[in-house]
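To find a chain, count down the sequence lines: A is the first, B the second, and so on, and within it residues start at 1.
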There are 2 protein chains.
Amino acid sequence: MTKETSKSAAQMRKGVLELCILRILRGGEAYTSDIIDALKAVDLLVVEGTIYPLLTRMKNAGTLTYRWVESPSGPPRKYYDMTDRGRALLEELEATWNQFVDSVNSLESHMDTTAKNAPLKS
Amino acid sequence: MTKETSKSAAQMRKGVLELCILRILRGGEAYTSDIIDALKAVDLLVVEGTIYPLLTRMKNAGTLTYRWVESPSGPPRKYYDMTDRGRALLEELEATWNQFVDSVNSLESHMDTTAKNAPLKS
DNA sequence: AAAAAGTACTATGCTTAACATAGTACATGG
DNA sequence: CCATGTACTATGTTAAGCATAGTACTTTTT
């Protein structure tokens, strides 16, 4: 992947991380490292620094809650879970995402949309 | 669509507009209003102000060229076309896009990834 | 018991692309 | 000749991912 496309990839990630987190949490509560690992596994995250503030934003927005759970090794963990508001948002984001993908892919086929206005070659 | 999801939609658009423009131009040269209309038709663009600077960026990056064409009504138009570099970038962005969609959608199914680390309920 | 290492979370600033809005220039029509 | 419409340009704002550094707590090591 070139420098140019990796920049595009970073931009594409914007806006879907929230959806991805909600999708992960649909399977049950998880703590930050679990979420990070799941996202990294599918190359949707580069660094931890991105996810911590996002989880805080989502918690403040009322889409997530967390509870402290003692860890077998290390400091206690925040286990996150969806709220009802989060479940509603997930549904909306699913619809938005599917629409979005359809829109982008629709540009693959009908390339005559612009042809009707094409000028004569000089 | 709520205020929250429309924000997400705006974020999702980031990074794919370049790909979309290249997809549109694959069908042949087009001028800015053609491109804007095509993008608006599939809800991938809100305002013109976004696309003009983007086309300039892409021209400066060497992925696009343009030629002036007299208009039947109004000022002359910039007709854009892909360069060889643009065609190469298009291929890369196609791959990046497909990978990206697969990644996001892969989070739909295996929701047991995190379950193995799930704590006991208190 | 003190030092070292590892884990989990927090805080600050940067970059970039979409958005918003206003403004300029040119051509046609009344 | 002025009004209207079309095409392009310019400037500033916002927001999310990225980069990096730092704090706090726990377990392990010597």
Side-chain angles (χ1 to χ4, degrees), chain A residues 3-21 30-37 39-40 43-61 64 66-80 93 100 103-104 117 119, chain B residues 3-21 30-37 39-40 43-61 64 66-80 93 100 103-104 117 119:
Chain A
K3 197 184 73 184
E4 226 161 349
T5 48
S6 84
K7 249 195 203 171
S8 288
Q11 291 299 323
M12 288 181 189
R13 277 176 226 127
K14 295 191 179 188
V16 300
L17 275 183
E18 199 171 351
L19 166 64
C20 290
I21 288 173
Y31 84 111
T32 315
S33 288
D34 286 337
I35 298 172
I36 288 171
D37 290 346
L39 291 173
K40 279 193 171 176
D43 288 311
L44 281 171
L45 183 71
V46 178
V47 289
E48 290 88 7
T50 302
I51 226 68
Y52 280 104
L54 177 53
L55 287 172
T56 302
R57 275 204 300 277
M58 294 174 74
K59 188 258 166 186
N60 291 337
L64 298 183
Y66 66 80
R67 61 185 186 103
W68 288 101
V69 174
E70 294 304 314
S71 166
S73 65
R77 302 164 172 175
K78 279 184 181 175
Y79 268 81
Y80 285 94
L93 286 178
F100 171 66
S103 290
V104 175
N117 290 331
Chain B
K3 197 184 73 185
E4 224 162 350
T5 49
S6 83
K7 248 195 202 171
S8 288
Q11 290 300 323
M12 288 181 188
R13 276 177 226 126
K14 295 194 178 187
V16 300
L17 275 183
E18 199 171 351
L19 167 64
C20 291
I21 288 173
Y31 85 111
T32 314
S33 288
D34 286 337
I35 297 172
I36 287 171
D37 290 346
L39 291 173
K40 278 193 171 175
D43 289 311
L44 281 172
L45 183 71
V46 178
V47 290
E48 290 88 6
T50 301
I51 226 67
Y52 280 103
L54 177 53
L55 287 172
T56 304
R57 274 203 302 277
M58 294 174 73
K59 189 256 165 189
N60 290 338
L64 299 182
Y66 65 80
R67 62 188 186 102
W68 288 101
V69 174
E70 294 304 313
S71 165
S73 66
R77 302 163 171 176
K78 279 185 182 175
Y79 268 81
Y80 286 94
L93 286 177
F100 171 66
S103 290
V104 175
N117 290 331

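The separation between B:Glu48 atom CD and C:dG23 atom C1' is 15 Å, rounded to whole Å. One can place CE of B:Met12 at 15 Å from C1' of D:dG17, the figure rounded to the nearest angstrom. The distance from atom CG of A:Leu54 to atom P of D:dC18 is 11 Å, rounded to the nearest whole Å. Rounded to whole angstrom, the span from the CG atom of B:Leu44 across to the P atom of C:dA17 amounts to 17 Å. The nearest whole Å value for the distance from the CD1 atom in B:Ile36 to the C1' atom in D:dG5 is 15 Å.
Note that CD1 of B:Ile35 and CG of B:Leu17 are 11.0 Å apart. Values are rounded to the nearest 0.5 Å.
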Protein-nucleic acid N or O pairs under 3.5 Å, nucleotides 13-16 of chain D:
unit_1 : atom_1 : unit_2  : atom_2 : d
D:dA16 : N3     : A:Lys14 : NZ     : 3.2

Please produce a list of atom pairs where a protein N or O lies less than 3.5 Å from an N or O of nucleotides 4-10 of chain C.
unit_1 : atom_1 : unit_2  : atom_2 : d
C:dA8  : OP1    : A:Tyr31 : OH     : 2.7
C:dA8  : OP1    : A:Arg77 : NE     : 2.8
C:dA8  : OP1    : A:Arg77 : NH2    : 2.9
C:dA8  : OP2    : A:Ser33 : OG     : 3.3
C:dC9  : OP1    : A:Lys78 : N      : 2.4
C:dC9  : OP2    : A:Thr32 : OG1    : 3.0
C:dC9  : OP2    : A:Tyr52 : OH     : 3.4
C:dT10 : OP1    : A:Lys78 : NZ     : 3.0
C:dT10 : OP2    : A:Lys78 : NZ     : 3.2

Can I get a per-line list of side-chain donor-acceptor pairs under 3.5 Å for residues 46-56 of chain B, giving both atom names and the distance, sequence neighbours left out?
unit_1  : atom_1 : unit_2  : atom_2 : d
B:Glu48 : OE2    : B:Lys40 : NZ     : 3.2
B:Thr56 : OG1    : B:Tyr52 : O      : 3.1

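Contacts of B:Pro76 classified as side chain to side chain contact (heavy atoms under 4.5 Å, CB included), with partners at least two apart in sequence or in another chain: B:Trp68, B:Glu70.
Side-chain atoms of B:Leu44 and A:Phe100, non-hydrogen and from C-beta on, do get closer than 4.5 Å to each other. The shortest side-chain heavy-atom distance between B:Met12 and A:Val16 falls under the 4.5 Å cut-off.
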